[in-house]
Protein chains: 2
Amino acid sequence: MTNTDIEVTNLREIGTFEGSLAQRVYLSMQEAILSLQFLPGSVVRKGLICEKLGVSRSPVSEAIARLSNEGLVDVVPQSATRVSYFSMDDIREGTFLREALELASVAKVAWDRTEDQMAQINRNMRLQSLLVEDGDFPGFYQSDEEFHAMLMHFTGYPRLKTVARMVSLQVTRARMLLLPTPGRATETLDEHQAIVDAVRDQDPDAAQKAMRHHLGQLMPRIEALAEKRPELFQSR
Amino acid sequence: MTNTDIEVTNLREIGTFEGSLAQRVYLSMQEAILSLQFLPGSVVRKGLICEKLGVSRSPVSEAIARLSNEGLVDVVPQSATRVSYFSMDDIREGTFLREALELASVAKVAWDRTEDQMAQINRNMRLQSLLVEDGDFPGFYQSDEEFHAMLMHFTGYPRLKTVARMVSLQVTRARMLLLPTPGRATETLDEHQAIVDAVRDQDPDAAQKAMRHHLGQLMPRIEALAEKRPELFQSR
DNA sequence: CTATGTCAACTAACATGTTAGTCAACCAGA
DNA sequence: TCTGGTTGACTAACATGTTAGTTGACATAG
């Protein structure tokens, strides 16, 4: 049993976040987990986190409670809490839920989009293009996220983005391990364009089909990953 | 300003629930809010709840935190927390999210259902029939919930039911005000049967169509309700 | 050497004390 | 009567002390 325990040093100071202490601690810890600076299986020690961030156990407890119901940490009552392992079951479920929400969103947006919204989407697409040409993959990753967030925003349902993010947190974490390649970025761009074309044409069915195809590219790549890095996945 | 404040007496004792204290307090409070024994706009007083349930402020605080991110209470930092008003925007959004999940579920289940699962569904349908004949509306309401929960269960995704419940809590609360009528129960039964038929035939498109029609019946009835009981809705 | 029972150390969960922010009632002035 | 500022009571948020349950190491028996 590789007794990986704790790595608290690389945890962003809470001064850079805003909100209540609990909120800031939550964001800091979530970032560390999603960016894999807290490795799956390692034990989260309240005391060390309190010390590192300079707060008491109350806000840390609340943060851990939130991370727990998001499935990012596993709490063993009266004992310990550790960073959850990757689980193909969880990832598959997250993908399913995410797809359900994305499909509903894109259909609605295709139906009742405005010209102003189309202009914003096109602006984002041009940005994506530029970033791919420049080979700026982190930047492209971010504009990709923005593209999807934008579509959800245009539904007019404010919680949608939050829910979608929550259900697919495990997927987000897994994506961190997928190295972006020029080829994949170009493909992604084309897939996005197909979605945009269908939204422009106000064709909900075509938009859903394009979105389904786009999202369908992800799972196979994650499955390949599970073979390469089995130590990050559940052993049971 | 109708200074409705608090009604703590009708709050189920936590002895009847299981889990941690925080979990039990959460369930007890959620039940009171969903069943409208805590009215929208009334102030939630930690002290009184602690006294009534015989616990300290810690588990109550955690319970309130959860209710807050579900949108069932509004917390004003350093001041007060009150039961949230009904909001047509929230209800519309909850309906949208719920539909997205139900449609994805029913399509998947129609695709890969087993014969054993069909048998379970049919058993539930016969139960619904009996309860309608007997005029047992509370019983029918419950078997209705079970019908939808069963479909989600058959997807094989365990969190799905939880997420669906969470996103549509506001809708659930609003439904409490809709008096069940014999006519509506019979209609519901027919709509369910149409869904079941499509699942039996392994026809995902038809299943989605039937589900969409079924879920579409709810919003108009809630909108009518908003006219009748405006005091429960946001005034802003 | 292996299996089992005991025990000590550590933890989350819970209780309670403290702080600081918010809101509404009240009062003074117009 | 109405407006604006002041104040005090009340609250959530945070800090800290306490309790009880779990885990894993170690010793002991087979």
Side-chain angles (χ1 to χ4, degrees), chain A residues 1-6 8 13-15 17-29 38 41-84 235-236, chain B residues 1-6 8 13-15 17-29 38 41-84 235-236:
Chain A
M1 192 159 295
T2 59
N3 200 347
T4 47
D5 278 350
I6 29 173
V8 193
E13 293 292 340
I14 59 176
F17 299 100
E18 55 187 8
S20 68
L21 282 183
Q23 171 75 359
R24 285 188 253 173
V25 173
Y26 164 73
L27 289 174
S28 180
M29 291 182 69
F38 282 5
S42 59
V43 175
V44 177
R45 295 191 189 278
K46 260 186 198 171
L48 290 178
I49 293 175
C50 293
E51 196 178 343
K52 167 74 178 172
L53 298 181
V55 299
S56 80
R57 303 191 313 258
S58 297
V60 176
S61 293
E62 188 178 326
I64 289 178
R66 283 200 239 174
L67 293 169
S68 171
N69 85 15
E70 287 173 351
L72 290 181
V73 301
D74 294 327
V75 177
V76 182
Q78 318 298 353
S79 175
T81 131
R82 44 187 79 218
V83 178
S84 65
S235 43
R236 312 165 219 163
Chain B
M1 191 163 293
T2 58
N3 201 345
T4 47
D5 279 348
I6 29 171
V8 192
E13 294 294 340
I14 59 176
F17 299 100
E18 55 186 8
S20 67
L21 282 183
Q23 171 75 359
R24 285 188 253 173
V25 173
Y26 164 73
L27 289 174
S28 180
M29 292 182 69
F38 282 4
S42 60
V43 176
V44 177
R45 296 190 189 279
K46 262 186 197 171
L48 289 178
I49 292 175
C50 293
E51 197 178 343
K52 166 76 179 172
L53 298 181
V55 299
S56 81
R57 301 188 319 255
S58 296
V60 177
S61 293
E62 187 178 326
I64 288 178
R66 285 201 238 173
L67 294 169
S68 172
N69 85 12
E70 286 173 351
L72 290 181
V73 301
D74 294 325
V75 177
V76 182
Q78 319 296 354
S79 175
T81 130
R82 44 187 79 217
V83 178
S84 65
S235 41
R236 311 164 222 167

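Values below: every heavy atom of this structure, side chains too, minus hydrogens, waters and symmetry copies.
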Can you identify which nucleotide, out of [options], has its nearest atom closest to the [X] side chain?
{"X": "B:S56", "options": "D:dA15, C:dC23, C:dC14", "answer": "C:dC14"}
{"X": "A:Q78", "options": "C:dA13, D:dT16, C:dA15", "answer": "C:dA13"}
{"X": "B:T81", "options": "C:dC14, D:dA12, C:dA12", "answer": "D:dA12"}

Taking for B:A80 and for A:S79 the nucleotide of DNA chain D with the nearest heavy atom, the one nearer the 5' end belongs to B:A80
May I have the distance from [X] (atom [atom1]) to [N] (atom [atom2]), rounded to whole angstrom?
{"X": "B:K46", "N": "D:dC14", "atom1": "NZ", "atom2": "C1'", "result": "10 Å"}
{"X": "A:R66", "N": "D:dA13", "atom1": "CZ", "atom2": "P", "result": "10 Å"}
{"X": "A:Q23", "N": "D:dA13", "atom1": "CD", "atom2": "C1'", "result": "14 Å"}
{"X": "B:E51", "N": "C:dT16", "atom1": "CD", "atom2": "P", "result": "13 Å"}
{"X": "B:E62", "N": "C:dC14", "atom1": "CD", "atom2": "C1'", "result": "10 Å"}
{"X": "B:L21", "N": "C:dT16", "atom1": "CG", "atom2": "P", "result": "12 Å"}
{"X": "A:R82", "N": "D:dT22", "atom1": "CZ", "atom2": "C1'", "result": "12 Å"}
{"X": "A:R57", "N": "C:dG17", "atom1": "CZ", "atom2": "P", "result": "16 Å"}

Heavy-atom donor-acceptor pair, A:S84 side chain to A:D74 backbone, under 3.5 Å: no
Counting distance only, does the side-chain N/O of B:R24 pair as donor-acceptor with the main-chain N or O of B:G19 below 3.5 Å? yes
Which heavy atom in B:M29 sits nearest to a heavy atom in B:A63, and how many Å separate them? SD-CB, 4.3 Å
Taking the six-membered ring of B:Y26, is the NZ or CZ of B:R66 close enough (under 6.0 Å from the centre) and on axis enough (within 45°)? yes
Determine whether any donor atom in the side chain of A:S20 lies under 3.5 Å from an acceptor atom in the base of D:dA13, or the reverse, and answer yes or no. no
